[in-house]
Amino acid sequence: MITYSSTFAPEMRSMFEFRSSIGLSIHPYDTTLARFDKFCLENYPDAKTLTHDIVQGWLTSESLRNTKNIWNSIVEIRYFGKYLNAIGK
């Protein structure tokens with residue numbers, strides 16, 4: 001199992017628990033959010049709110065890593081943002 005350490009870690013774990021509870025897979029969200037978690041830990045260690053700047057910075061670093069899968073990263077971080085909004089964060 002992947003360990004998450006950023007300030008968003010509790011919400012990531014709760015999102016995965018939610019997805020699992022309704023019969024949805026956590027993959028590929030788990031690996032994508034692991035990269036996002038590492039990015040946040042290194043660049044925004046005290047962030048409590050998901051902001052445009054955080055997402056934009058991460059997507060820029062993702063596009064430098066692998067342009068082929070950038071759309072998947074966009075979809076997955078968007079889902080995480082929608083989840084945060086749904087739980088009032």
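The residues of the chain are indexed from 1 along the displayed sequence.
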Keeping [X] on the side-chain end and [Y] on the backbone end, is there a donor-acceptor pair under 3.5 Å?
| X | Y | value |
| --- | --- | --- |
| Thr31 | Pro28 | yes |
| Arg19 | Leu24 | no |
| Thr49 | Thr51 | no |
| Tyr83 | Glu11 | no |
| Thr32 | Tyr29 | no |
| Asp37 | Ser5 | yes |

Fill in: Separation of Leu33 CG from Lys38 NZ (nearest 0.5 Å)
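The NZ atom of Lys38 sits 15.0 Å away from the CG atom of Leu33.
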Worksheet entry | Minimum-distance pair of heavy atoms, taken over all atoms of Ile54 and Ala47 |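 Looks like CD1-CB, 3.7 Å.
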Side-chain contact test, heavy atoms from C-beta onward, threshold under 4.5 Å: evaluate it for [X] versus [Y] and give yes or no.
| X | Y | answer |
| --- | --- | --- |
| Glu17 | Ser20 | no |
| Cys40 | Thr7 | no |
| Val55 | Ile74 | no |
| Ser73 | Trp58 | yes |
| Ser61 | Arg35 | no |

Are [Y] and [X] linked, directly or through intermediate hydrophobic residues, by side-chain heavy-atom contacts shorter than 4.5 Å (ILVMFWY only)?
| X | Y | value |
| --- | --- | --- |
| Ile2 | Phe8 | yes |
| Leu59 | Leu41 | no |
| Met15 | Ile87 | yes |
| Phe18 | Leu84 | yes |

Practice prompt. Would you please indicate if the ring centroids of Tyr4 and Phe16 are separated by under 6.0 Å?
Written response: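 Tyr4 vs Phe16: aromatic centres under 6.0 Å.
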Worksheet item: Taking the six-membered ring for Trp, are Tyr44 and Phe39 parallel (under 30°), tilted (30 to 60°) or perpendicular (over 60°)?
Response: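 Correct class here is tilted.
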